[in-house]
Amino acid sequence: MDELVIRQPDDFHIHLRDDEMLPLSVEHVSAQFHRAIVMPNLRLPVVSTSMATKYRKRILAAIPTGQLFNPLMTLYLTDRTTPAEILLAKESGIVHGVKYYPAGATTNSDSGVTDLEGRFKVLEAMMMHGVPLLLHGEVTDKDVDIFDREKVFLDSILSRVVKEFPDLKIVLEHITTSDSVDFVDACSDRVAATITAHHLLLNRGDLFDGGIRPHHYCLPILKREEHRLALLRAAVSGSPKYFLGTDSAPHETHTKEASCGCAGVYTAHAAMECYAIAFDSVGSLDKLENFASTFGARFYELPLNMGHIKLVRKEQMIPPTYAYSGGTIVPFRAGQALNWSVEA
């Protein structure tokens, strides 16, 4: 198969950032996706419906002329989030989830939750009002190996949340292990997961291929090849529990190439091409449309998009960097050729 036309996809997990970075990230995501679940971990986190409304206006103002793009907003769960704020979020019509970050887990997560059990009244309100819980599924205990943090989270935290709140919609975002696949498969249809393109294409060996590769460093961190293959099997399985979420996360070049580099992989510039490469690698391009365009929309109870995009087996070169007014971003597969392209 050298050409594939699919319903226009949605990205159910993306970081757009703010200020100088915002126009570039919005330009890239809106070129391929009609909607995106926008993460709230800005330097000043989006903790209220009022803040989400203002952030959404900034995103809309950054959309290039002629593009149709609908940002779906989220709130940042903190130790101070209240059930009343959840009701406001639901009534706003623009907030589609609440994001849980364990404090200190990843970029701009210092305001994250220190005690999830202490937030159970908020989770109860989310369940009551039909607001999904979106999870960065890792523990941050220093005595837990970084490669085991996702599994420990499943065993010690998420298993209890699922039991306590059986009707709460939960998205375990950017899963990285076979343990997460097994967990999601065993849960009801109220529990789903997003899978990134870079976790489908890379394993932890790629972090050290010829030297340390800072632009492959993300959290949750890349895992063994056996886990990558488990994610790929889940993505192409046809199960509606798994859908597209890029976790595309732009960082200024010098903050990645640093003595203490930050986590995040930028894939928004060629997201669908990267997913096509992954699905094509196991002869499952016919499964890409549901994964990218159907399952996530149905989980979030959104109408399916009416437009379409065309993927063609055509080489494109990824530039070494993308410039914006504040600096440069090194994209995924920088300076390399991809054998798929999105045709306008």
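Computed from a prediction, not measured in an experiment: that's the story for all the values here.
- You'll find the side chain of Asn41 reaches within 4.5 Å of the side chain of Tyr101, heavy atoms only.
- Defined by atom type and a distance below 3.5 Å, a donor-acceptor pair is present between the side-chain atoms of His13 and Asp247.
- Heavy atoms from other residues, nucleotides or ligands lying under 6.0 Å from CE of Met317 number more than 12.
- Once rounded to the nearest 0.5 Å, the distance linking OG of Ser325 with CG of Leu24 reads 9.5 Å.
- A donor-acceptor pair under 3.5 Å is formed between the side chain of Asp206 and the backbone N or O of Asn203.
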Exercise for the section: List the steps, then state whether side chain to side chain contact (heavy atoms under 4.5 Å, CB included) holds for Leu16 with Val38. Expected result: CA-CA 7 Å; Leu16 297 178; Val38 180; 3.8 Å; yes
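- Scanning all heavy atoms of the two residues, the minimum distance from Arg313 to Asp280 falls at NH1-OD2, 2.8 Å.
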Handout entry: Lys151/Asp155 under salt bridge (Lys or Arg N to Asp or Glu O under 4.0 Å): CA gap, chis, key distance, verdict
Key = CA-CA 6 Å; Lys151 185 179 189 312; Asp155 296 340; 2.7 Å; yes
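- Note that CZ of Arg190 and NZ of Lys241 are 11.0 Å apart. Values are rounded to the nearest 0.5 Å.
- The hydrophobic clustering, which links ILVMFWY residues whose side-chain heavy atoms are closer than 4.5 Å, places Met128 and Leu116 apart.
- No continuous path of hydrophobic side-chain contacts links Tyr55 to Leu88 [ILVMFWY only; heavy atoms under 4.5 Å].
- Of the options Phe299, Tyr275, Tyr242, Phe243, a ring-ring contact (aromatic ring centres under 6.0 Å, His included) to Phe291 is made by Tyr275 and by none of the others.
- Remark: the backbone N or O of Leu338 is not paired with any side-chain donor or acceptor of Arg333 at under 3.5 angstrom.
- A side-chain N or O of Gln32 and one of Glu273 form a donor-acceptor pair less than 3.5 Å apart.
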Practice task
Give the intermediate values and the outcome of side chain to side chain contact (heavy atoms under 4.5 Å, CB included) for residues Glu301 and Lys169.
Solution key: CA-CA 11 Å; Glu301 300 178 27; Lys169 278 197 165 185; 3.2 Å; yes
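- Counting only distance, with no hydrogens or angles, the side chain of Ser284 and the backbone of Val236 share no donor-acceptor pair below 3.5 Å.
- Proximity of the aromatic rings of Phe120 and Phe165 is defined here by a centroid distance below 6.0 angstrom, and this criterion is met.
- Thr81 and Val122 get closest at one heavy-atom pair: O-CG2, 3.2 Å.
- In summary, the side chains of Thr49 and Ser92 do not present any donor paired with an acceptor at a separation below 3.5 Å, with no hydrogens or angles considered.
- Using modelled atom types, no side-chain atom of Thr74 and backbone atom of Val98 make a donor-acceptor pair closer than 3.5 Å.
- Between Met272 and Ile309, the closest heavy-atom pair is CG-CD1, 4.0 Å.
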Practice task
Walk me through it: do Ser48 and Glu85 pass the test side chain to side chain contact (heavy atoms under 4.5 Å, CB included)?
Solution key: CA-CA 7 Å; Ser48 69; Glu85 188 63 52; 4.0 Å; yes
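- Tyr217 and Val330 are not part of a single hydrophobic cluster, where members link through side-chain heavy atoms under 4.5 Å apart.
- In summary, of the residues considered (Leu172, Asp148, Asp179), a side chain to side chain contact (heavy atoms under 4.5 Å, CB included) with Phe153 occurs for Leu172 alone.
- When every heavy atom of Pro320 is checked against every heavy atom of Ala334, the shortest pair comes out as O-CB, 3.5 Å.
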Problem - Full working for side-chain hydrogen bond (donor to acceptor under 3.5 Å, both in side chains) between Thr253 and Thr328 - result: CA-CA 6 Å; Thr253 301; Thr328 60; 2.7 Å; yes
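- In this structure, the separation between CG on Leu44 and CE on Met51 is 4.0 Å, given to the nearest 0.5 Å.
- Side-chain contact annotation: Asn290 with Arg7, donor-acceptor N/O pair under 3.5 Å absent.
- Distance NZ/Lys223 to CG/Leu229: 15.0 Å, rounded to 0.5 Å.
- Remark: side-chain polar atoms of Ser248 are paired, donor with acceptor, to backbone N or O of Ala268 under 3.5 angstrom.
- Remark: side-chain polar atoms of Glu150 are paired, donor with acceptor, to backbone N or O of Thr176 under 3.5 angstrom.
- Geometric assessment of Arg35 against the ring of Phe69 yields a negative cation-pi assignment under the 6.0 Å and 45° thresholds.
- A side-chain N or O of Glu257 and one of His215 form a donor-acceptor pair less than 3.5 Å apart.
- In this structure, Leu202 is a member of the same hydrophobic cluster as Phe147, with clusters built from ILVMFWY side-chain heavy atoms closer than 4.5 Å.
- Ring to ring, Tyr322 and His269 are close: their centroids are under 6.0 angstrom apart.
- The two residues Gly112 and Tyr76 make their nearest non-hydrogen contact at N-OH, 3.2 Å.
- Side-chain contact between Tyr266 and Ser25 is present, with heavy atoms from C-beta onward closer than 4.5 Å.
- Side chain of Lys256 to backbone of Pro214: a donor-acceptor contact under 3.5 angstrom is found.
- Listed by chain and number, the residues in a salt bridge (Lys or Arg N to Asp or Glu O under 4.0 Å) with Glu164 are Arg160 (sequence neighbours excluded).
- Residues Arg58 and Asp18 have side chains in contact (heavy-atom distance under 4.5 Å, counting atoms from C-beta outward).
- Here the side chain of Arg228 pairs a donor or acceptor atom with the backbone of Leu200 at under 3.5 angstrom.
- When atom types are taken as modelled, the side chain of Ser156 and the backbone of Val152 share a donor-acceptor pair closer than 3.5 angstrom.
- Ile329 places none of its side-chain heavy atoms less than 4.5 Å from the side chain of Thr321.
- A distance of 7.0 Å separates CG of Asn305 from OG of Ser293, quoted to the nearest 0.5 Å.
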Practice task
Decide side chain to side chain contact (heavy atoms under 4.5 Å, CB included) for Arg56 and Thr53; before the verdict, give the C-alpha distance in whole Å, the side-chain angles of both, and the deciding distance to 0.1 Å.
Solution key: CA-CA 5 Å; Arg56 185 172 188 272; Thr53 300; 5.8 Å; no
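- Remark: the backbone N or O of Phe33 is not paired with any side-chain donor or acceptor of Asp11 at under 3.5 angstrom.
- Side-chain contact check for Glu3 versus Lys310: some heavy-atom pair is nearer than 4.5 Å.
- Here the side chains of His174 and Pro220 are in contact, with some heavy-atom distance below 4.5 Å.
- Put simply, the side chain of Leu288 does not reach to within 4.5 Å of the side chain of Leu244, judged on heavy atoms.
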Practice task
Report the C-alpha separation of Lys99 and Glu173 in whole Å, then their side-chain angles, then the decisive distance to 0.1 Å, and conclude whether the salt bridge (Lys or Arg N to Asp or Glu O under 4.0 Å) test is met.
Solution key: CA-CA 10 Å; Lys99 181 61 181 278; Glu173 297 190 313; 2.8 Å; yes
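- Atom CG in Leu304 sits 11.0 Å away from atom NE2 in His34 (nearest 0.5 Å).
- Between Leu168 and Val131, the shortest heavy-atom contact is CD1-O, 3.7 Å.
- Put simply, the side chain of Met73 does not reach to within 4.5 Å of the side chain of His96, judged on heavy atoms.
- Between the side chains of Arg204 and His227, not a single donor N or O lies within less than 3.5 Å of an accepting N or O.
- In the hydrophobic clustering of this structure, Leu42 groups with Met39; members are Ile, Leu, Val, Met, Phe, Trp, Tyr whose side-chain heavy atoms approach within less than 4.5 Å, directly or through other members.
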